[in-house]
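We number each residue from 1, following the sequence as shown. The analysis underlying the following values was restricted to heavy atoms, covering all of them including side chains, and did not include hydrogens, waters or symmetry mates.
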Amino acid sequence: MPTLSLSTRDVARELARRNRTKTHDQLDMLEAILVPMKFAKGETILGEGDVCRYIFWIVKGLVRQYYFKNNKELTEYMAAENTICMSIESLFREEPSHQIIHALEPTIIYGLPMKDLEMVAMKSVNIQMLYRKILEESLIISQHHADMLRFESAQDRYKRLVRESPQLILRAPLVYIASYLQMTPETLSRVRNNVLID
């Protein structure tokens, strides 16, 4: 397998930059707990029934988070580079996850182990802020998606995804995009055609 394109220091620096955590000591603490992971296309990152123990920071690749309902796969979230991913309920309750996370492309992730992150957060106000920002981002993304499904038409949902996450439109299979937007592949095809005509 190829070597990781970024070092743990690079990833710690990027997380710190995004969350205004800047001292060398804080970078050292972050770097020390990061766990590099590589996944082949189609490989499971978190299986159903597994306990999620990491906040995943995607450095390269594309992942899909989904669950089963009535024997159907329903896509809850998709994420590409420079994004976080986790099964939040499993992470905090330390219970088996109903959600599955798998790689749609060859994927490089750095995991922030929850226990280690909590431990270093107790030693640094800035790392507490980083931790809070990560959780805020996750909750906002979740709320944003829920509101989109509640209040927007199929066409508006697709347009928003094109505008806000063009990488997903270009890289994810259409069947997963349709599931994420809570529409059938046929509806997605009609919506895409209408958007192209507009």
Student: Check whether Ser179 reaches the backbone of Thr75 with its side chain - one donor and one acceptor, N or O, closer than 3.5 Å.
Tutor: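 Yes, Ser179 side chain to Thr75 backbone: donor-acceptor pair under 3.5 Å.
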
Student: Walk me through it: do Ile100 and Phe68 pass the test side chain to side chain contact (heavy atoms under 4.5 Å, CB included)?
Tutor: CA-CA 9 Å; Ile100 301 154; Phe68 285 96; 3.5 Å; yes

Student: Determine yes or no for a side-chain-to-main-chain donor-acceptor pair under 3.5 angstrom, with Arg171 supplying the side chain and Gly61 the backbone.
Tutor: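 Checked: pair present.
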
Student: Do other residues, nucleotides or ligands put more than 12 heavy atoms under 6.0 Å from the NE2 atom of His144?
Tutor: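 Above 12, so yes.
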
Student: Out of curiosity, Tyr77 OH to Gln99 CD, how far, rounded to the nearest 0.5 Å?
Tutor: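 If we round to the nearest 0.5 Å, Tyr77:OH and Gln99:CD are 11.5 Å apart.
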
Student: Could you check whether the rings of Tyr180 and His145 sit parallel, tilted or perpendicular, using 30° and 60° as the cut-offs?
Tutor: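 If you compare the ring of Tyr180 with that of His145, the planes turn out parallel.
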
Student: Before we go on, tell me: are the rings of Phe39 and His102 under 6.0 Å apart, centre to centre?
Tutor: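 Aromatic pair excluded; centres sit 6.0 Å or further apart.
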
Student: Atom OG in Ser138, atom CD1 in Ile88: separation rounded to 0.5 Å?
Tutor: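 Result: 4.0 Å between the selected atoms.
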
Student: With rounding to the nearest 0.5 Å, note down the distance linking CG in Leu130 to CG in Leu117.
Tutor: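 Leu130 CG to Leu117 CG: 6.5 Å, rounded to 0.5 Å.
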
Student: Hey, are Arg9 and Glu31 close enough for a salt bridge, meaning a charged N less than 4.0 Å from a carboxylate O?
Tutor: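 Counted as a salt bridge, because a side-chain N and a carboxylate O are separated by less than 4.0 Å.
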
Student: State whether the side chain of Ser90 and the backbone N or O of Cys52 hold a donor-acceptor pair below 3.5 Å, judged by distance alone.
Tutor: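 Yes; judged by distance alone, with no hydrogens or angles, the pair exists.
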
Student: Say whether, by atom type as modelled, one donor and one acceptor occur between the side chain of Gln65 and the main chain of Met86 under 3.5 angstrom.
Tutor: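 Such a contact is found between Gln65 side chain and Met86 backbone.
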
Student: CG/Asp156 to CE/Met148 distance, rounded to the nearest 0.5 angstrom?
Tutor: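 Asp156 CG to Met148 CE: 10.5 Å, rounded to 0.5 Å.
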
Student: Measuring from atom CD of Gln182 to atom CD of Glu76, what distance do you get when rounded to the nearest 0.5 angstrom?
Tutor: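 Gln182 CD to Glu76 CD: 9.5 Å, rounded to 0.5 Å.
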
Student: Using 30° and 60° as the class limits, which term best fits the ring planes of Tyr131 and Phe92: parallel, tilted or perpendicular?
Tutor: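 Because their plane-to-plane angle is under 30°, the rings of Tyr131 and Phe92 count as parallel.
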
Student: Judged by atom type as modelled, is there a donor-acceptor pair below 3.5 Å linking the side chain of Ser124 to the main-chain atoms of Ile127?
Tutor: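 Indeed, once roles are kept as given, a pair shorter than 3.5 Å links the two residues.
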
Student: Quick check against the 3.5 Å criterion: does Thr83 have a side-chain atom that pairs as donor or acceptor with the backbone of Glu81?
Tutor: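 Yes: the side chain of Thr83 pairs with the backbone of Glu81.
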
